[in-house]
Amino acid sequence: MEQKAQGQGEPTNERAAEILDEIGDMLDILDESTFRVRAYHKAAASVRSLTRPIADIYREGGVKALDEIPGVGSHTALRLEELIATGRLPYYEELREKIPESVTELMVIPGIGPKKAKKIYETLGISTLDELMSAITEHKVEHIPGFGRKTEENILRGIRQYEKMHERILLSQAYPIAHEIVDSLRRQPFVDRANTAGSLRRMKETVGDIDLLASSEQPLKVMEYFTTIPQVAYILATGETKSSIIVKNGLQVDLRVVAPNEYGAALQYFTGSKPHNIHLRDIAKKRGLKINEYGVFESDTDRRLGGRTEEEVYGTLDMETPPPAIREDKGEIEAAMRRSLPRLIRHEDIKGDFHIHTNWSDGINDIETMVEMARSLGYAFVTISDHAEKLRIAGGLTKEELQEQLEAIAGLNEKYDDIEILTGMETNIDNDGEVDFGPEVLRKLDVVIGSIHGGFRQSKEQLTRRMVRAIENPYINIIAHPTGRILGQRPPYDIDLHEVFKAAAATGTFLELNAYPNRLDLKDDHLREARDAYGCKFAIDTDAHVAGNMLYMEYGVVTAQRGWLTKEDVLNTYEVPEIRRMLRLKR
DNA sequence: GCCGTTTTCGGCCCGACTGTTTTCAGTCG
Ligand SMILES: Nc1nc2c(ncn2[C@H]2C[C@H](O)[C@@H](COP(=O)(O)OP(=O)(O)OP(=O)(O)O)O2)c(=O)[nH]1
Ligand SMILES: [Mg+2]
Ligand SMILES: [Mg+2]
Ligand SMILES: [Zn+2]
């Protein structure tokens with residue numbers, strides 16, 4: 001029998017995490033201890049969020065290094081070693097003999113957990129979604145002991161819901177939907193306060209649903225309003241503190257409603273993340289306190305100590321309040337206890353944008369329009385960085401055209417005294433790591449960007465070599481969208497980021513945080529790794545192809561925050577003379 | 001299965017909503 005865990009060579013982090021999750025699910029179905037089950041899921045989440053391939057970690061530090069991954073203990077470290085070394089995991093395969101893959105797959109349906117999946121499998125001998133659908137049509141499911149007519153209906157709805165929508169959506173797509181509902185809630189006289197919460201408030205690059213919080217003295221009125229807004233397609237559940245709806249595009253929206261003096265505790269709870277909450281509550285518990293969404297309490301007396309504001313919740317534990325963007329249980333709780341939270345970069349720190357296209361290549365607007373947009377954003381500078389000639393499909397500029405553009409920019413710079421237009425170009429890194437132009441052209445430019453636009457399927461060695469050569473080119477200042485991923489469309493190319501970060505730090509080459517909402521590349525965790533382990537510096541760029549795109553800077557800044565970056569880490573927070581000085585250091 | 005300035009054993013966050021249940025399990029946040 002062909003198993004996914006077999007003979008596939010070294011597992012990616014994602015594959016290893018999937019296997020750990022599936023083991024957790026199988027143990028869950030087998031009625032194992034919930035703590036063991038949780039341990040597997042926790043280890044899976046930890047492996048999934050690593051910034052380095054586990055195979056590399058293992059090669060460098062052996063089992064000991066695997067053991068040091070949070071949530072991975074001696075036992076799982078050995079299992080991962082087996083998996084990395086042989087491409088197989090006998091323990092996983094043994095469990096699979098008892099529980100077929102298709103049974104754990106039933107658990108993707110909202111409303112079907114380990115117990116229902118097990119009953120469906122054992123009672124009806126059903127393990128696939130198709131079989132389940134026919135069993136529902138024949139009304140066999142409602143006769144499973146403990147199930148009923150409504151259970152069957154809900155499973156059917158669950159399947160429909162899953163088929164319509166089960167992917168995470170871009171933060172930028174969820175954001176306006178969320179704020180439209182928040183705004184409408186705020187307009188209701190019976191609503192005291194309303195806010196976004198969950199991953200959307202933490203500004204995660206994608207969100208699984210929209211989480212909203214409101215406070216009110218009349219919670220039932222709020223729920224009645226919420227479940228009848230025009231966006232509603234289906235009401236999943238509604239009670240006096242919590243309701244869930246599905247909106248027209250298939251997305252789920254959860255609303256929690258609490259009393260006004262509980263707002264801070266509820267916001268803390270509902271902002272999460274889940275690991276952050278669990279860690280925080282664990283600390284409270286060890287101090288004889290209890291935290292829930294209604295407040296902080298003394299465990300033995302249930303006396304309420306606070307919860308009006310988030311600061312009160314964290315303050316009761318003698319902690320600073322971590323910004324929502326970093327509440328991922330990746331060190332922020334410890335930092336908040338030491339009172340040494342990072343001073344994260346703010347949007348106001350941004351003084352300009354280095355990556356802007358115009359109608360000289362594949363942009364929509366002319367130079368002046370882009371400059372006017374930059375001025376309206378209060379920027380001190382903007383760099384025009386059109387594509388170069390090798391990227392024909394993007395209307396790349398020849399060196400003659402570039403010369404013309406430089407003259408046009410010189411003219412515009414005469415006209416403005418409140419903004420400086422820097423000259424630049426986005427060059428294409430070819431298969432040999434060379435770019436469109438040599439020093440005689442590039443030396444005329446203030447800022448040179450290099451990026452990969454093709455050959456994504458090359459070997460890791462080749463891709464890495466190309467990139468590192470470009471980084472070593474003394475004229476290239478910024479590497480744009482370093483991993484090439486496009487959320488929901490294209491995975492990152494297979495490149496050795498360790499080599500890229502090392503070379504960038506050694507040469508004084510800035511790594512881009514491309515703020516385009518479906519790129520956000522480098523991503524949050526990579527930014528943090530590149531800075532902390534390598535000392536890299538960054539530029540947050542919008543890669544605007546039309547003036548309005550320059551507003552994407554906001555998504556770049558929040559992603560930088562999620563990567564724990566401070567103002568000092570980011571080139572476009574400096575004054576122009578200082579930027580020029582830093583750019584010249586490389587040449 | 002993981003983990004440790006009170007522990008290497010004994011804990012592991014805490015609660016809402018639903019359906020099928022005569023008292024709570026399952027799923028989800
Ligand atoms: N204490 C506690 N809080 C939880 C738990 N599950 C969820 N929460 C809180 C923290 C989450 O951020 C918040 C919203 O839950 P979601 O499932 O929507 O997660 P979140 O929005 O973080 O991520 P998402 O993008 O929706 O997958 O509810 C839990 O098991 N325990
Ligand atoms: Mg959510
Ligand atoms: Mg939610
Ligand atoms: Zn570009």
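Proteins get letters first, then strands, A, B, ... in listed order; numbering begins at 1 in each.
- Residues from residues 106-128 of chain A lying near DNA chain B, meaning a heavy-atom separation below 4.0 Å, are A:I109, A:P110, A:G111, A:I112, A:G113, A:P114, A:K115, A:K116 in numerical order.
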Taking N or O atoms only and anything under 3.5 Å, show me the protein contacts with nucleotides 10-12 of chain B, one pair per line.
residue : atom : partner : partner atom : Å
B:dC12  : OP1  : A:K285  : NZ           : 2.6

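- In the interface, the side chain of A:Y269 is not paired with the base of B:dG15 through any donor and acceptor atom under 3.5 Å apart.
- Partners of A:K330 under the salt bridge (Lys or Arg N to Asp or Glu O under 4.0 Å) rule, at least two apart in sequence or in another chain, are A:D525.
- Looking at which nucleotide of DNA chain B each of A:K286 and A:N292 is closest to, the 5′-most match is held by A:K286.
- A:D56 and A:H498 are not linked by any side-chain donor-acceptor pair at a separation below 3.5 angstrom, with hydrogens and angles left out of the test.
- What separates NZ of A:K274 from P of B:dT27 is a distance of 14 Å, to the nearest Å.
- Phosphate contact (OP1/OP2 of B:dC13, side-chain N/O of A:N277, threshold under 4.0 Å): absent.
- If you measure from atom CD1 of A:I69 to atom P of B:dC2, you get 11 Å, rounded to the nearest angstrom.
- B:dG26 and B:dT22 have their P atoms separated by 14 Å, with the value rounded to a whole Å.
- Within the 4.0 angstrom heavy-atom criterion, only backbone atoms of the sugar-phosphate kind lie near A:V72; the bases stay farther away.
- Rounded to an integer number of Å, the gap from CZ of A:R157 to C1' of B:dT27 is 18 Å.
- Taking only side-chain nitrogens and oxygens, A:Q252 comes nearer than 4.0 Å to OP1 or OP2 of B:dG29.
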### Query
In B/S/- notation, 5' to 3', how is nucleotides 16-22 of chain B contacted by protein heavy atoms closer than 4.0 Å?
SSSSS--
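- For the pair A:L212 CG and B:dG29 C1', the interatomic distance rounds to 13 Å; values are reported in whole Å.
- Note on A:L280: nothing from the nucleic acid sits closer than 4.0 angstrom, heavy atoms only.
- A:D28 places its CG atom 13 Å from the C1' atom of B:dC28, with the value rounded to the nearest Å.
- Under the salt bridge (charged side-chain N to carboxylate O under 4.0 Å, His left out) rule, A:R562 has a single partner from A:E205, A:E328, A:E332, which is A:E328.
- Residues passing the ring-ring contact (aromatic ring centres under 6.0 Å, His included) test with A:Y121, sequence neighbours excluded: none.
- Taking atom CG of A:D31 as the reference point, atom P of B:dG26 lies 8 Å away to the nearest angstrom.
- For B:dC13, the OP1/OP2 oxygens have no side-chain nitrogen or oxygen of A:R281 closer than 4.0 Å.
- B:dG4 atom P lies 10 Å from atom NE2 of A:H279, rounded to whole Å.
- A:S215 and A:D192 share a side-chain donor-acceptor pair at under 3.5 Å.
- The residues A:K290 and A:E298 are annotated as not salt-bridged, no charged nitrogen and carboxylate oxygen being separated by less than 4.0 angstrom.
- Sorted by residue number, the list of members of residues 191-208 of chain A with any non-hydrogen atom under 4.0 Å from DNA chain B is empty.
- Taking atom NE2 on A:H41 and atom C1' on B:dC28, their separation rounds to 13 Å, with Å as the unit.
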